[in-house]
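The chain is numbered in sequence order, starting from 1.
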Amino acid sequence: MKVRKECLLSVAVLVLLLSCARGGDEKSLWDIQRTLASKKYVDLTHDFAPGIPRWPGFPDEKRQIIYWYDKRPDTMGAGFFSELFTHVGQWGTHVDPPAHFIKGLRTVDQIDPKEMVLPLVVIDVHEECAQNPDYTLTLDRLKKWETDHGAIPAGSFVAMRTDWSKRWPYAPKMENKDAKGVAHYPGWSLPALKFLYEQRKITASGHETTDTDPGFATTKEDYSLETYVLSTNHYQIELLTNLDQVSEFGAIAVVSFPKPKGGSGFPARVFAILP
């Protein structure tokens, strides 16, 4: 098992925190912030706009300028720039809370902020997906990752890199349908998800496609894998990007989103801090 200590940023931050705390330094968190500010940041979020790829059952986004810097006949007023946004919660790079599929479980506003700053694990299967667009992440592939890098940390955010985000923002390329209308894009597998959530006790997972389930399953309206993830009372992030710029281990994920009361989902801003 290979362990490259120089990449274990999260451990280094913890050591720094403990050493500062032992010294009684009231500005210890500021020291950590300065350390983090010196690192490279990678935005894992698509910008969103009308016309972007989405689940086919959702309407498109609508935008309207309601205030503009100068007077205009089609606005409510002038003096500043303000827009009205109308879109579903599952829009662009977004968070799916447990309540999105499971009645009675947590909504967006009930996700604890401590679940938003996490060790980032990237499972790189982009070569497999290039050869087979129907690829699903296997338990054996997770075990190989652990052989190379060590056990997946409890409380981590696990992202599957497929490079499917390089097809953005072209919906037909994202869906990748054949002549019979069957979509072909990669997804997770149930054994892999159960291993991550039940044995490794991860906090959340994410992917670059529109769905947790592979395209050949969603074509049949089979969303059993997304149902499983959300039934564990954990959240997931869909439509990530730029995972090709992030190391497979050692980075930190910051997953943020607004707090709509009782919300079923919302666009998210996700970024990685590299070691």
Side-chain angles (χ1 to χ4, degrees), residues 1-15 17 42 44 95-98 100-102 105-106 110-126 128-129 135-162 186-209 211-214 217 223-238 240 243-244 246-256 268 270-275:
M1 176 178 68
K2 298 186 296 182
V3 178
R4 292 177 288 179
K5 294 182 180 179
E6 68 274 16
C7 290
L8 298 179
L9 174 62
S10 56
V11 175
V13 170
L14 179 59
V15 171
L17 175 60
V42 175
L44 305 180
V95 58
D96 287 329
H100 177 44
F101 270 29
I102 311 298
L105 293 188
R106 295 187 299 165
Q110 294 173 322
I111 297 174
D112 194 296
K114 288 187 177 181
E115 299 174 62
M116 300 180 185
V117 182
L118 308 168
L120 176 59
V121 168
V122 177
I123 312 297
D124 181 1
V125 293
H126 80 281
E128 292 92 327
C129 295
Y135 177 84
T136 57
L137 182 63
T138 65
L139 180 56
D140 286 343
R141 184 61 183 82
L142 290 179
K143 295 292 183 67
K144 182 182 183 304
W145 190 99
E146 293 197 325
T147 298
D148 293 340
H149 306 300
I152 293 171
S156 59
F157 182 95
V158 177
M160 179 167 60
R161 176 191 166 188
T162 60
W188 300 79
S189 72
L190 186 57
L193 288 170
K194 284 191 170 185
F195 175 77
L196 291 170
Y197 282 100
E198 296 176 22
Q199 295 190 43
R200 291 298 178 255
K201 307 295 184 183
I202 68 169
T203 290
S205 55
H207 43 269
E208 300 174 59
T209 54
D211 297 289
T212 316
D213 300 78
Y223 299 95
S224 56
L225 299 180
E226 183 166 354
T227 300
Y228 168 75
V229 172
L230 301 182
S231 72
T232 66
N233 213 16
H234 292 262
Y235 73 87
Q236 69 169 15
I237 300 292
E238 295 191 311
L240 291 167
L243 288 171
D244 59 332
V246 181
S247 53
E248 288 196 82
F249 72 105
I252 290 175
V254 180
V255 185
S256 63
V270 186
F271 60 92
I273 306 174
L274 273 55

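The heavy-atom pair separating V95 from A268 by the smallest distance is N-CB, 4.1 Å. Across all non-hydrogen atoms, the minimal contact from G155 to P119 is O-CD, 3.7 Å. Here the closest heavy-atom approach between residue T212 and residue E226 is recorded as OG1-CB, 3.5 Å. Between G150 and W145, the shortest heavy-atom distance links the atoms O-CZ3, 3.3 Å. Of all non-hydrogen atoms in Y235 and M116, the two that sit nearest each other are OH-CA, 4.3 Å. Contact record, S156 with P153: OG-O, 2.8 Å, taken as the closest heavy-atom pair.
Side chains of L105 and L230 form no contact here, defined as non-hydrogen atoms less than 4.5 Å apart. Within the 4.5 Å cutoff, the side chain of W188 has no heavy atoms near those of the V229 side chain. Using a 4.5 Å cut-off on side-chain heavy atoms (C-beta onward), P98 and R106 make contact. The shortest side-chain heavy-atom distance between L243 and V42 does not fall under the 4.5 Å cut-off. Put simply, the side chain of R161 does not reach to within 4.5 Å of the side chain of E248, judged on heavy atoms. Looking only at side-chain heavy atoms (C-beta outward), P97 and I111 come within less than 4.5 Å of each other.
Under the 4.0 Å criterion applied to side-chain N and carboxylate O atoms, D148 and K144 are assigned as salt-bridge partners.
Remark: K201 engages A154 in a side-chain contact (heavy atoms from CB on, under 4.5 Å) (not counting sequence neighbours).
Of the possible polar contacts, one joining the S189 side chain to the L137 backbone as a donor-acceptor pair under 3.5 Å is found. A donor-acceptor pair under 3.5 Å links the side-chain atoms of D213 to the main chain of L225, judged by distance alone. Between the side chain of D112 and the main chain of K114, a donor-acceptor pair closer than 3.5 Å is present. Not one N or O on the side chain of H234 forms a donor-acceptor pair closer than 3.5 Å with the backbone of A204.
The line from NE2 of H126 to OG1 of T162 is 10.0 Å long, rounded to the nearest 0.5 Å. The distance from the SG atom of C129 to the CE atom of M160 is 6.5 Å, given to the nearest 0.5 Å. From T209, atom OG1 reaches atom CG of L240 across 9.0 Å, with rounding to the nearest 0.5 Å. To the nearest 0.5 angstrom, I237 atom CD1 is 7.5 Å from D96 atom CG. Here Y135 contributes atom OH and E128 contributes atom CD; the two are 5.0 Å apart, rounded to the nearest 0.5 Å. Of the inter-residue distances, the one linking E146 atom CD with R200 atom CZ reads 4.0 Å to the nearest 0.5 angstrom.
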Quick one: do Y197 and S205 satisfy side-chain hydrogen bond (donor to acceptor under 3.5 Å, both in side chains)? Show the steps, please. CA-CA 9 Å; Y197 282 100; S205 55; 2.7 Å; yes
Intermediate values then yes/no, side-chain contact (heavy atoms from CB on, under 4.5 Å), D244 and D124: CA-CA 8 Å; D244 59 332; D124 181 1; over 6 Å; no
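A perpendicular orientation is assigned to the rings of Y223 and F101, their planes being inclined by more than 60° (bins at 30° and 60°).
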